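Below is one structure, written out as structure tokens; comments come after it.
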Number of protein chains: 2
Amino acid sequence: MSQGEMVGDLDHAVGYVLKQAAAALRTAMDAALRPMDLTVPQYACLELLGQRPGLSNADLARGVFVTRQSMNGVLRGLQDRGLVTRPTTAPQGRALPTELTTTGREQLRRASAAVQAIQQQMVSHLSPAAQRRLVDDLASCVAALSVSPTPTAD
Amino acid sequence: MSQGEMVGDLDHAVGYVLKQAAAALRTAMDAALRPMDLTVPQYACLELLGQRPGLSNADLARGVFVTRQSMNGVLRGLQDRGLVTRPTTAPQGRALPTELTTTGREQLRRASAAVQAIQQQMVSHLSPAAQRRLVDDLASCVAALSVSPTPTAD
DNA sequence: TGACTCATGTCAATATCCTGACACACAATC
DNA sequence: GATTGTGTGTCAGGATATTGACATGAGTCA
């Protein structure tokens, strides 16, 4: 065992390769983020906040693909370390708009650079056109899956 | 809030779209597999076993992108339901070659069909050539990330 | 032969995440 | 003005995955 080179038909399945790529990216990001004491969800949260300040917990959760509860925990950790700030009282409704602190912005700067390097490495074998095409096709896949959330195939 | 349509620059980041696609696929697979009481790791294990019978726990774990411990739990559940069989004594070394039972094969057949439907739906907006290209590019990404497991970007 | 290294399976403890549920705030409706 | 509905934040419970650790078997090399 343990040759692990020939998985046969599986290597040609879109889903498997997609998961494989996502897992590889996750591992690489985790390794790159670890030196700065950041998990992937934490980084994703920071990045989202950097691009769209004032997002609520629920919005953040949707953007990072986790539940509100998990994002709440992530946000607590970030808030505990002074990377983000949340008002104690909701200015509008119940949503607490989260924002980056100066320290958070600095951390995000470094983390974003590291992640960008990972992403560049990931697509380094692809031409710029192919990179853009890949993003496009991936987006198409997302859209195709979003149209019917519950196919309930028999 | 809650428009969630315009995430700005993030939509063009390969990593983000990749994660998005993987999350969407995971959700769809989960929904499709739930009626037959199968989780995604369980299905992945079955699929792997169907294509390469006799795989060990560690090999399975690598193929499904989880730890050996997690795969052990998955395997226990599958074995408990009579979907797979593992010898109590290792014929060679310590590895216990796992194999599908008849019931397991039948379950795999149905689950595989459902997952295939999901995959088809996912790439339904892409031409066959584009689909093949996507798999190719994704594989390229995996390879590019595998060359240096620990970039340790500053 | 004996020591060393590597891979495997398994156990325990920890951490993480999700499902279910509740209370609160705003908008829409009657 | 009261009611329903949607969205939000938070709490508890259970399921899941991971890290750390250990004992066993196989291969390597002095």
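Every chain is numbered from 1, with letters handed out A, B, ... down the list of sequences. No experiment lies behind these values; they were computed from the predicted model shown. When reading the values below, keep in mind they use all heavy atoms of this one structure, side chains included, and skip hydrogens, waters and symmetry mates.
- Counting only distance, with no hydrogens or angles, the side chain of A/Q121 and the backbone of B/A144 share a donor-acceptor pair below 3.5 Å.
- Residue A/N57 places its side chain closer to D/dG9 than to any other of C/dT10, D/dA17, D/dG9.
- With sequence neighbours excluded, no residue forms a salt bridge (Lys or Arg N to Asp or Glu O under 4.0 Å) with A/R86.
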- [ ] Start with the C-alpha gap between A/T88 and A/L96, add the side-chain angles, then the distance that decides, and say whether side-chain contact (heavy atoms from CB on, under 4.5 Å) holds.
- [x] CA-CA 8 Å; A/T88 51; A/L96 300 173; over 6 Å; no
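- Partners of A/D136 under the salt bridge (Lys or Arg N to Asp or Glu O under 4.0 Å) rule, at least two apart in sequence or in another chain, do not exist in this structure.
- Taking a cutoff of 4.0 Å between a charged side-chain nitrogen and a carboxylate oxygen, A/D137 and A/R133 do not qualify as a salt bridge.
- Here A/R94 pairs with nothing under the salt bridge (Lys or Arg N to Asp or Glu O under 4.0 Å) rule; sequence neighbours left out.
- In the set C/dG9, C/dC18, C/dT8, the nucleotide with an atom closest to the side chain of A/T67 is C/dC18.
- Rounding to the nearest 0.5 angstrom, the gap separating the OG atom in B/S56 from the CE atom in B/M71 is 10.0 Å.
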Under 3.5 Å, which N/O atoms of the protein pair with N/O atoms of nucleotides 23-25 of chain C?
| unit_1 | atom_1 | unit_2 | atom_2 | d |
| --- | --- | --- | --- | --- |
| C/dA23 | N3 | A/R94 | NH1 | 3.2 |

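- With DNA chain C read from its 5' end, the first of the two nearest nucleotides for B/D30 and A/T39 is the one closest to A/T39.
- At least one donor-acceptor pair closer than 3.5 Å links the side chain of B/Y16 to the backbone N or O of A/G63.
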- [ ] Mind running side-chain contact (heavy atoms from CB on, under 4.5 Å) on B/Q42 and B/Q107 for me, showing each step along the way?
- [x] CA-CA 11 Å; B/Q42 282 174 340; B/Q107 271 285 66; over 6 Å; no
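- At a non-hydrogen distance threshold of 4.0 Å, A/N72, A/R76 from residues 72-79 of chain A come into contact with DNA chain D.
- Nearest nucleotide to the side chain of B/S56, out of C/dT10, C/dT8, D/dT18: C/dT8.
- Taking atom CG on B/L96 and atom C1' on D/dT24, their separation rounds to 12 Å, with Å as the unit.
- D/dA17 atom P lies 13 Å from atom CG of B/L60, rounded to whole Å.
- The nearest whole Å value for the distance from the CZ atom in B/R26 to the P atom in C/dC18 is 10 Å.
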- [ ] Just do the side-chain contact (heavy atoms from CB on, under 4.5 Å) check on A/R76 and A/N72 with the steps written out, would you?
- [x] CA-CA 6 Å; A/R76 293 230 180 183; A/N72 201 343; 3.7 Å; yes
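- OP1 or OP2 of C/dT16 has not a single side-chain nitrogen or oxygen of A/S70 nearer than 4.0 Å.
- Whole-Å rounding puts the A/Q42 CD to C/dA15 C1' distance at 13 Å.
- Between the side chain of A/Q131 and the main chain of A/L126, a donor-acceptor pair closer than 3.5 Å is present.
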What are the atom names and distances for every N/O pair under 3.5 Å that joins the protein to nucleotides 20-22 of chain C?
| unit_1 | atom_1 | unit_2 | atom_2 | d |
| --- | --- | --- | --- | --- |
| C/dG20 | O6 | A/Q69 | NE2 | 2.7 |

